[in-house]
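Here is the structure we will look at, set down as structure tokens.
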2 protein chains.
Amino acid sequence: MTSPPAATRSDAARNRVRLLDAAAGLITERGSDVDVREIARRAEVGMGTLYRHFPTKEALLDAALEHVFTSWAAAASAALTGRAWSDLSRFLGDALTRQTASPGLLDAYCQALPGQAGNTARQHCRQQVGPLIAELVRAAHASGDLRPDITAEDVSLLLVALGRIAPVVPEPSWRRILHVSLDGLRASSATPLPHP
Amino acid sequence: MTSPPAATRSDAARNRVRLLDAAAGLITERGSDVDVREIARRAEVGMGTLYRHFPTKEALLDAALEHVFTSWAAAASAALTGRAWSDLSRFLGDALTRQTASPGLLDAYCQALPGQAGNTARQHCRQQVGPLIAELVRAAHASGDLRPDITAEDVSLLLVALGRIAPVVPEPSWRRILHVSLDGLRASSATPLPHP
DNA sequence: ACCGAAGCGGAGCAGCCGCTCCGGTAGGGT
DNA sequence: ACCCTACCGGAGCGGCTGCTCCGCTTCGGT
């Protein structure tokens with residue numbers, strides 16, 4: 001009588017994963033403007049299949065990005081050493097290196113900035129990395145290396161800004177800018193900030 | 001016999017200016033992906049006219065941007081006071097304010113970054129502002145306020161990076177980041193940079 | 001083995017964009 | 001005043017993109 005709610009078919013589940021993988025790959029390689037046909041092709045799947053699993057291109061990209069951000073956050077927290085300042089600067093450097101190889105990564109992260117129109121769905125991608133940044137900031141405050149008037153929001157914003165140039169200039173160039181920014185974040189260079 | 005080389009007709013000249021104005025307006029208001037039809041409409045001109053004056057959309061945008069960058073550079077040098085550090089930080093703040101109102105401005109400037117594919121034409125837009133930055137950096141080095149290992153290229157890059165976030169976050173937010181970056185640029189916070 | 005239904009694929013639709021083409025218009029030298 | 005010619009306008013072409021539709025396939029419970 002009460003048939004089980006619908007045990008999803010095995011091929012359906014497999015194709016869903018294929019789509020997510022293909023979308024994640026393309027979005028990180030080429031940025032957020034991908035052709036749906038190409039996603040379907042890479043996933044070895046038809047258009048109909050794509051649109052059965054996800055109501056819209058946006059929805060697919062959101063779902064794929066959630067995976068990407070989750071694994072990014074996992075890798076980043078695995079790299080923590082406990083030394084606050086070096087963890088923070090390592091995190092930023094690694095994030096930008098990642099962004100260099102995947103120009104679309106922070107591009108998507110940027111679209112999740114608070115106050116952006118729509119994109120409420122993509123906001124929660126940001127929730128994968130946000131807490132990690134908050135933690136890094138808290139630790140660096142506690143150790144006294146990070147100037148106390150800096151918020152996690154500031155660090156996020158700085159990361160997004162640098163992420164926009166990292167893929168389009170040679171690595172030494174953006175490393176210099178990161179270096180300068182980190183110097184500005186040090187407690188020793190504090191100068192009164194305009195309030196939040 | 002020898003007819004004068006072709007004294008351009010008056011309406012042709014007028015329409016050329018209209019096209020440049022319309023293109024400049026749209027590109028600064030909405031960014032660099034504008035519909036040619038919309039440019040023509042705002043210029044109150046037909047498509048044929050547009051493409052007679054400029055061989056391609058790119059060419060029109062390049063020409064329009066040259067005007068925009070020239071007037072930006074003029075306004076910026078008019079605002080110089082002679083006090084090196086305050087001139088530099090004012091320049092950056094003003095540039096970002098301008099970018100806030102015209103999200104496409106630094107967007108275009110960014111596309112002129114060295115090493116970008118193609119875009120050789122747009123490079124010379126950058127030549128309007130580049131020398132000004134070089135001058136500001138030179139003066140700030142001379143006054144001893146700017147750390148000596150910073151190049152004009154570093155400042156350009158920093159400006160582009162901040163310009164990418166300025167239009168999408170509230171002004172106080174990006175002002176904080178600018179403030180932090182300026183602190184990092186001060187001679188007092190010098191920390192050995194990775195070489196150029 | 002059977003069979004209903006969930007799932008599949010890809011041709012096709014509608015809309016957008018850069019650009020071209022050509023019949024009509026009007027500027028300006030004579 | 002005339003006429004030749006440079007110039008104008010906008011319909012239309014080809015290509016790309018997000019999305020839909022529907023005939024066929026294949027899964028998996030019985």
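Computed from a predicted structure; not experimentally measured. Convention: sequence-line order gives letters A, B, ...; per-chain numbering from 1.
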Phosphate-side-chain proximity, B/Thr56 and C/dG18, N/O vs OP1/OP2 below 4.0 Å: no
Distance in angstrom units between A/Glu38 CD and C/dG9 P, rounded: 17 Å
Nearest-neighbour nucleotide for the A/Val36 side chain, D/dC19, C/dG18, C/dG28 considered: D/dC19
Between D/dA6 (P) and B/Arg16 (CZ): distance, integer Å: 18 Å
Shortest side-chain distance from A/Ser10, nucleotide among D/dC27, C/dG27, C/dT20: D/dC27
N/O (side chain, A/Arg52) to phosphate O (OP1/OP2, C/dA6) under 4.0 Å: no
Side-chain touch A/Thr151/A/Val155, heavy atoms, less than 4.5 angstrom: no
Distance below 4.0 Å between A/Tyr51 side-chain N/O and D/dT20 OP1 or OP2: no
Minimum-distance nucleotide (side-chain atoms of A/Met47 versus D/dC8, C/dA11, D/dT17): C/dA11
Short N-O contact, A/Arg186 and A/Asp183, less than 4.0 angstrom: yes
A/Lys57 NZ to D/dT17 P, straight-line distance once rounded to whole Å: 9 Å
A/Thr8 vs C/dA6: side-chain N/O to OP1/OP2 distance below 4.0 Å: no
Interatomic distance where CD1 belongs to A/Ile39 and C1' belongs to D/dC16 [whole Å]: 15 Å
Distance test, side-chain N/O of B/Asn15 to OP1/OP2 of D/dC7, below 4.0 Å: no
Nearest-angstrom distance from the residue atom CZ of A/Arg14 to P of C/dG9: 8 Å
Presence of A/His53 side-chain N/O under 4.0 Å of C/dC8 phosphate oxygens OP1/OP2: yes
Interatomic distance where CG belongs to A/Asp11 and P belongs to C/dG9 [whole Å]: 9 Å
Under-4.0 Å side-chain N/O to phosphate OP1/OP2 contact, B/Thr49 with D/dG9: yes
Side-chain donor-acceptor contact under 3.5 Å, A/Thr81 with A/Asp87: yes
Interatomic distance, B/Asp33 CG vs C/dC17 P [rounded to whole Å]: 9 Å
Selection from C/dG27, C/dA11, D/dG18 that lies nearest to any side-chain heavy atom of B/Arg9: C/dG27
Nearest atoms (heavy-atom pairs only) where B/Trp72 meets B/Ala95: CZ2-CB, 3.5 Å
Quiz item: A/Arg37 side-chain donor-acceptor pair to D/dG18 base, under 3.5 Å: yes
Rounded distance in Å - CZ (B/Arg41) to P (D/dA11): 12 Å
Contact check, side chains of A/Leu162 and A/Leu92, non-hydrogen atoms, under 4.5 Å: no
